[in-house]
Amino acid sequence: MNSDVAAGGAGQKQGIARRSVLRGMGAGALATGAGDALAACRTGSKAPPAASSTSTITLGYISPLTGALAGFGSGDRFVIDTIRSTPAYAKGFKVGGKTYQVNIIVNDSQSDPNRASQLARQLVLKNNVDLLLASSTPETVNPVAVVAQTEGVPCLATNDPWESWYSGLGGNPAQPTMKLQFCTLFFFGLKQLQECYVPMWNRIGATPKNVACQYPNDADGNAFRGVFEVLITQSGYRPVDGGPYTDGTTDYTAMLTKFKSTNCEYFSNCALPPDFNIFWKQAHQQGWKPRLATVAKVLLFPDDTIPLGPLVNNIATNSWWGPYMPNKSSLDPKLKASDLVNAFQAQTGKQWVQGIGSTYTLFEVAHQGFTGISDPHDPLEVGNALHNVNYAGMCGRLNFAAGPAPGVAIVPPVGVQWKATPGGKFPFEMKVVDNTLNKHAGVQADLEPTNA
């Protein structure tokens with residue numbers, strides 16, 4: 001049983017009578033905090049939700065298939081189809097001596113925190129999901145995780161810096177001792193970004209060692225401002241904060257003036273892709289050309305390069321997955337990362353996107369969690385199992401019990417640059433230029449200044 005219908009669509013069971021702390025809460029609280037509401041709901045005292053079918057495991061997946069963050073979800077349909085064809089998902093999960101069919105419900109957050117929260121509530125209250133899956137940035141992941149933790153439903157997420165996710169659930173990344181019974185995540189954090197970007201800054205060797213920081217006033221921006229700027233200083237560089245601007249800003253003249261006046265030779269950001277495109281074009285127009293731009297949340301996918309054209313050449317970013325990783329699927333051991341890339345490009349005609357690796361891994365981890373327990377409809381048992389998953393798959397080795405916070409598994413990124421490929425099939429390609437954090441990925445090209 002598989003469906004792509006919206007949560008709560010025709011044919012679904014009526015929502016069960018359960019109180020929801022989240023009814024009436026604003027999306028802003030959901031996306032960035034809601035700590036007080038969660039504090040009252042961490043005891044796990046809620047009764048488990050009634051399963052939609054005792055012989056079916058229902059998974060609810062939410063990601064930004066459209067909207068400003070659509071690049072993150074651009075390969076998700078391909079991945080879902082691929083997952084459904086694997087033996088484990090096609091034939092069902094074996095749990096406690098019984099085989100359960102697996103129903104995957106796919107929903108589009110439209111890059112909107114409000115909608116992500118609403119979809120998560122519908123999946124819990126109307127579809128009675130056994131597990132929520134969420135991907136791609138705090139704008140989608142955090143609202144879904146808040147619903148899951150509050151309602152007592154297991155949730156597994158990815159593509160969200162763990163500090164943004166953890167603080168959004170009421171935790172303190174500086175003292176990450178709080179365990180979230182129902183929520184788990186695999187990705188990297190700001191410490192890993194430091195360890196990915198600083199070696200590239202050091203190799204460029206420009207002075208003064210001032211780093212221009214374009215961090216918005218949102219969940220990611222505030223996490224970068226509070227944590228990454230400290231890490232920049234600890235690395236021997238000086239952060240120059242452009243100020244907490246509002247998402248959707250269209251004039252960055254004041255920020256660029258500050259970066260130019262302080263001679264910033266390096267650039268760090270975590271902007272929304274449309275905002276960065278405007279910023280970077282204005283930087284070029286106004287004559288600010290840092291020696292090395294190391295960006296986050298933007299230019300992670302090929303479609304992000306189109307609006308900038310030649311201005312994208314030699315901009316550096318991070319890569320958590322790609323064909324240069326020697327990883328293999330745990331659901332189909334013959335399937336390597338490079339095979340998944342080739343299949344994606346053959347079926348879609350589009351350039352590969354690194355999000356397909358992490359989305360694939362979500363369903364690997366779900367399989368790992370369910371097949372090691374006795375009752376797939378017991379949220380506490382499922383949540384506990386996910387906290388203890390330790391396996392090797394499409395994103396490499398993941399150990400949720402050994403992370404920087406309870407229930408967090410780290411995926412080490414490599415440093416990449418977008419390189420022009422004259423005469424190639426695609427105008428720009430992502431090439432590994434620094435593998436400090438993951439030696440399994442081979443270096444493919446020389447690190448070059450973004451602006452000579």
Side-chain angles (χ1 to χ4, degrees), residues 70-79 82 196-197 199-201 203-204 206 267 269 273-274 276-285 287-327 335-360 394 413-436 438-452:
F72 283 89
S74 59
D76 283 359
R77 294 293 186 187
F78 162 81
V79 173
T82 302
C196 177
Y197 289 171
M200 292 190 286
W201 298 349
R203 288 167 59 189
I204 291 296
F267 175 60
N269 83 334
F276 171 69
N277 294 340
I278 294 171
F279 170 89
W280 196 241
K281 289 177 182 178
Q282 290 180 5
H284 180 74
Q285 293 164 357
W288 181 62
K289 298 180 179 181
R291 288 276 287 171
L292 185 64
T294 47
V295 300
K297 200 172 181 176
V298 301
L299 294 181
L300 296 171
F301 314 106
D303 284 352
D304 292 348
T305 69
I306 295 173
L308 293 174
L311 294 180
V312 79
N313 200 45
N314 285 324
I315 292 180
T317 186
N318 60 83
S319 175
W320 60 88
W321 186 87
Y324 29 77
M325 305 288 187
N327 306 333
L335 185 71
K336 298 181 293 184
S338 57
D339 297 328
L340 192 62
V341 163
N342 292 336
F344 175 80
Q345 295 190 157
Q347 290 184 30
T348 67
K350 297 180 179 181
Q351 193 171 0
W352 69 274
V353 293
Q354 59 178 319
I356 62 177
S358 42
T359 299
Y360 191 101
M394 190 56 75
V414 295
V416 296
Q417 280 186 308
W418 288 100
K419 301 285 187 179
T421 54
K425 185 176 181 180
F426 305 107
F428 295 93
E429 292 185 2
M430 182 182 282
K431 297 291 186 179
V432 178
V433 295
D434 191 283
N435 64 353
T436 299
N438 189 347
K439 298 298 184 183
H440 296 298
V443 173
Q444 300 173 303
D446 292 333
L447 173 69
E448 297 179 274
T450 306
N451 296 290

Quick check: do [X] and [Y] have side-chain heavy atoms less than 4.5 Å from each other?
X: I356; Y: M394; answer: no
X: K350; Y: Q345; answer: no
X: V433; Y: K419; answer: yes
X: L300; Y: N318; answer: yes

Under a 3.5 Å distance rule, please check whether [X] uses its side chain to pair with a backbone N or O of [Y] as donor and acceptor.
X: W280; Y: L311; value: yes
X: W320; Y: G357; value: no
X: T294; Y: T317; value: no
X: N435; Y: A441; value: yes
X: T359; Y: V79; value: no

Going from [atom1] on [X] to [atom2] on [Y], what distance comes out if it is rounded to the nearest 0.5 angstrom?
X: F428; Y: N313; atom1: CZ; atom2: CG; answer: 5.5 Å
X: F276; Y: K297; atom1: CZ; atom2: NZ; answer: 14.0 Å
X: M200; Y: D434; atom1: CE; atom2: CG; answer: 6.0 Å

#### Entry: For Y324, the option from N438, V443, V416, V341 that meets side chain to side chain contact (heavy atoms under 4.5 Å, CB included)
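Passing option: V416.
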### Query
How about F267 and F279: are their ring centroids closer than 6.0 Å?
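Under 6.0 Å, so yes.
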